[in-house]
Amino acid sequence: MLSPRVLKSASSLMCRGFSMGQMCRQGKAPDMAEGNTFLLVSNVRNRLREIVGASTNWKDHKQALTERASLSQYLAQSQDELPAKTMKDSAIEAHLPLGTQPGLREKYLNYHNSVRFGRILEDLDSLAVLICYSHTWNKELTRSPLSIVTALVDKIDMRKNIIYPDCDIKFTGHVTWVGKTSIEAKMHMSQYHNGAYTDVLDATFVMVARDPENKRAAFINPLIPEGPEEEAIFQQGEINKKRRVELSTASLLKVAPTAEERTLVHNLFLNTLDTRTVSFRSRILPPNSLWMEDAKMKGLEICHPQERNIFNRIFGGFLMRKAYELGWANACAFAGCRPTLVAVDDILFRKPVEIGSLLLLSSQVCYTEGMHVQVRVHTEVLDPLTRQHSTTNVFHFTFHVEKEVPSVVPQSYGESMLYLDGKRHFDETMRTQI
């Protein structure tokens with residue numbers, strides 16, 4: 001991320017002056033005083049609708065899609081045709097004034113008197129899209145011919161466990177790396193408390209650009225780093241891309257576990273054998289353990305037009321919110337106490353979810369260690385006519401609880417792969433937390 005000083009100077013939305021003598025109460029940030037002209041989080045989706053020319057009424061969505069199809073003529077035939085942009089071109093600061101505007105709190109408040117993190121996920125997803133449109137914006141056009149959608153949430157690292165429901169929140173972010181058709185955007189969230197901003201989280205999203213009808217990939221503007229700081233940020237984006245390719249290549253859905261992992265699975269199996277019998281079928285649960293089969297939770301959502309995005313499919317932030325809340329409930333029921341989020345890792349958006357779909361969500365505690373619970377949430381759409389299931393998303397959440405939790409034990413080979421996959425994600429999260 002660019003430094004706060006650089007982000008502030010890069011923003012085209014300047015805050016009006018205020019008197020430092022009029023300091024607000026504990027959760028009210030001076031730069032969110034009435035009259036400032038910074039972008040509000042509540043207006044981000046409206047800004048996106050203006051950029052793409054999306055309909056505000058569901059009954060008009062087909063006409064809007066037809067009109068967008070005509071924008072294909074403005075797509076570049078190669079990346080070389082597009083002007084290079086800088087990180088400052090996409091720098092955005094958005095405010096969520098929970099302290100200054102109490103009327104906003106109801107939407108974000110949970111029963112623990114904290115902020116619903118699922119709502120924050122929705123805001124991050126919308127903001128990431130707007131950041132990418134800021135990078136690709138062509139001032140000569142009134143609407144963007146690009147359809148920019150979320151491909152992957154690479155990482156969300158929590159810097160603070162508590163998000164106060166009555167303190168102002170600030171989001172900053174910008175594009176950090178681009179390929180030919182994909183964009184990496186990083187965002188930082190901070191909250192004003194006791195007279196100063198404190199870090200809450202850092203998020204990395206990967207977006208892809210497609211044509212106006214969202215049918216094929218589209219070229220985006222190249223990114224030119226300025227100075228050593230930006231060059232280092234861009235190089236980290238290259239490293240992130242390489243890491244994602246390596247993880248995909250080593251996926252347990254493609255290749256066998258490592259020798260160390262195979263030994264681990266076999267030891268887990270041996271620990272469940274009944275020593276009183278000479279049989280591979282006779283299995284017993286070790287002390288302080290739970291079968292993985294008994295550490296699940298499921299949910300169902302009917303996808304209504306209210307939750308659509310600017311391209312009239314289900315909003316990715318809504319999917320993240322629902323998956324997070326199910327995963328949180330799963331971890332809470334498993335541990336018997338309230339979990340706190342440590343990290344969100346490797347959320348894949350495999351295919352869009354259409355309006356009217358039956359969305360099935362399945363949460364599984366797939367790995368535990370000490371006071372940590374690793375949860376995987378799998379979502380799929382069901383076609384009630386053909387009874388066909390199609391995977392749409394996979395989510396990975398790492399939670400911390402206030403007491404030691406039982407171990408989860410796989411019984412089948414498939415569960416063993418879920419266990420190893422969960423351990424890989426947990427180990428990666430712990431490595432980056434150091």
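Residue numbers count from 1 along this sequence. From a predicted model like this one, the values you see are computed outputs, not experimental measurements.
- Between the side chains of T172 and E93, no donor-acceptor pair of N or O atoms lies under 3.5 Å.
- Residues E50 and N46 have side chains that never bring a donor and an acceptor to within less than 3.5 angstrom of each other.
- With sequence neighbours excluded, the residues satisfying side chain to side chain donor-acceptor pair (under 3.5 Å) with Q235 are E231.
- Residues T204 and K186 bring a donor and an acceptor atom of their side chains to less than 3.5 Å of each other.
- Within the 3.5 Å criterion, the main-chain N or O of H135 finds a donor-acceptor partner in the side chain of K85.
- In this structure, L253 CG and D421 CG are separated by 7.5 Å, a value rounded to the nearest 0.5 Å.
- If you look at Y324 and F395, their ring centroids are not closer than 6.0 Å.
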Got a list of side-chain donor-acceptor pairs under 3.5 Å for residues 377-384, not counting sequence neighbours?
{"unit_1": "H378", "atom_1": "NE2", "unit_2": "T391", "atom_2": "OG1", "d": "2.9"}
{"unit_1": "T379", "atom_1": "OG1", "unit_2": "T392", "atom_2": "OG1", "d": "2.9"}
{"unit_1": "T379", "atom_1": "OG1", "unit_2": "N393", "atom_2": "N", "d": "3.2"}
{"unit_1": "T379", "atom_1": "OG1", "unit_2": "N393", "atom_2": "O", "d": "3.3"}
{"unit_1": "T379", "atom_1": "OG1", "unit_2": "N393", "atom_2": "OD1", "d": "3.3"}
{"unit_1": "E380", "atom_1": "OE2", "unit_2": "H389", "atom_2": "ND1", "d": "3.0"}
{"unit_1": "D383", "atom_1": "OD1", "unit_2": "L385", "atom_2": "N", "d": "2.9"}
{"unit_1": "D383", "atom_1": "OD1", "unit_2": "T386", "atom_2": "N", "d": "3.4"}

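- Listed for the S90 side chain is a donor-acceptor partner under 3.5 Å among the backbone atoms of M87.
- Aromatic pair F426/H372: ring centres closer than 6.0 Å.
- Look at K423 and D427 and you find a salt bridge, because one of the NZ, NE, NH1 or NH2 atoms lies within 4.0 Å of a carboxylate O, short of that distance.
- Scanning both residues, P286 and V409, for their nearest heavy atoms gives CD-CG2, 4.3 Å.
- Under the 3.5 Å distance criterion, the side-chain polar atoms of S251 are left unmatched by any main-chain donor or acceptor of T249.
- Remark: the N330 side chain and the Q364 side chain contain no N/O donor-acceptor pair separated by less than 3.5 Å.
- Residues Y413 and E415 bring no donor and acceptor atom of their side chains to less than 3.5 Å of each other.
- Remark: L247 CG is packed, more than 12 non-hydrogen atoms of other residues, nucleotides or ligands lying under 6.0 Å away.
- A salt bridge between K88 and E226 is present, with a side-chain N of the basic residue lying under 4.0 Å from a carboxylate O of the acidic one.
- For the pair F349 and L152, the tightest heavy-atom approach, listed with the atom from each and the gap, is CD1-N, 4.2 Å.
- Residue pairs meeting the salt bridge (charged side-chain N to carboxylate O under 4.0 Å, His left out) criterion with at least one partner in residues 100-117, sequence neighbours excluded, are R116-E325.
- A distance-only check finds a donor-acceptor pair linking the side chain of T368 to the backbone of P406 [under 3.5 Å].
- Cation-pi geometry between R68 and F311 is not satisfied (NZ or CZ under 6.0 Å from the ring centre, within 45° of the ring normal).
- Taking OG from S357 and CD1 from I314, the interatomic distance works out to 7.0 Å, rounded to the nearest 0.5 Å.
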Validation: residues 213-221 side-chain donor-acceptor distances under 3.5 Å, sequence neighbours left out:
{"unit_1": "N214", "atom_1": "OD1", "unit_2": "R210", "atom_2": "NE", "d": "2.9"}
{"unit_1": "N221", "atom_1": "ND2", "unit_2": "P83", "atom_2": "O", "d": "2.8"}

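- Distance check: S190 OG to L201 CG gives 9.5 Å after rounding to the nearest 0.5 Å.
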Inset, instruction - Start with the C-alpha gap between D125 and T150, add the side-chain angles, then the distance that decides, and say whether side-chain hydrogen bond (donor to acceptor under 3.5 Å, both in side chains) holds. - result: CA-CA 8 Å; D125 191 49; T150 308; 2.6 Å; yes
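- Shown here is L300, whose CG atom has more than 12 heavy atoms of other residues, nucleotides or ligands within 6.0 Å.
- Residues that satisfy the side chain to side chain donor-acceptor pair (under 3.5 Å) test with D168, not counting sequence neighbours, are T100.
- Remark: N161 pairs with T340 by the side chain to side chain contact (heavy atoms under 4.5 Å, CB included) rule, at least two apart or across chains.
- Between D31 and Y197, the side chains place a donor N or O and an acceptor N or O closer than 3.5 Å (distance only, hydrogens not considered).
- E428 places no side-chain N or O within donor-acceptor distance of the main-chain N or O of R424, the cut-off being under 3.5 Å.
- Using modelled atom types and a 3.5 Å distance limit, the side chains of R313 and N309 yield no donor-acceptor pair.
- Residue pairs meeting the salt bridge (charged side-chain N to carboxylate O under 4.0 Å, His left out) criterion with at least one member in residues 283-293, sequence neighbours excluded, are E293-K296.
- Taking the side chain to side chain contact (heavy atoms under 4.5 Å, CB included) definition, one finds that K155 meets it with D157, A343, D345, T429, T432, sequence neighbours left out.
- To the nearest 0.5 Å, the span separating CE on M207 from OG1 on T136 amounts to 11.0 Å.
- S114 places a side-chain N or O within 3.5 Å of a backbone atom of I163 that can act as its donor or acceptor partner.
- Between A335 and V401, the shortest heavy-atom contact is CB-CG1, 3.8 Å.
- Ion pairing between a basic and an acidic side chain is recognised when a charged N comes within 4.0 Å of a carboxylate O; R244 and D346 show no such pairing.
- Taking NZ of K28 as the reference point, atom CD of Q101 lies at 10.0 Å (rounded to 0.5 Å).
- L420 pairs by the side chain to side chain contact (heavy atoms under 4.5 Å, CB included) definition with L252, P257, E261, L264, V265, M417, not counting sequence neighbours.
- In this structure, K241 places its NZ atom where only 12 or fewer heavy-atom neighbours from other residues, nucleotides or ligands lie under 6.0 Å away.
- K160 and T198 share a donor-acceptor pair across their side chains, judged by distance under 3.5 Å alone.
- With rounding to the nearest 0.5 Å, the separation of SG in C132 from CD1 in I148 is 5.5 Å.
- A side-chain donor-acceptor contact under 3.5 Å links D89 to the backbone of T86.
- Residues satisfying the side chain to side chain donor-acceptor pair (under 3.5 Å) test with Q191, not counting sequence neighbours, are none.
- At a threshold of 4.5 Å between non-hydrogen side-chain atoms, the residues V44 and D123 do not count as touching.
- The side-chain heavy atoms of Y108 and P165, taken from C-beta on, include no pair separated by under 4.5 Å.
- Among residues two or more places apart in sequence or in another chain, the ring pair (Phe, Tyr, Trp, His ring centres under 6.0 Å) test is passed with H193 by Y164.
- Annotation: side chain to side chain contact (heavy atoms under 4.5 Å, CB included) contacts of S144 (sequence neighbours excluded): I51, Y133, W137, L146.
- No more than 12 heavy-atom neighbours from other residues, nucleotides or ligands sit within 6.0 angstrom of CZ on R350.
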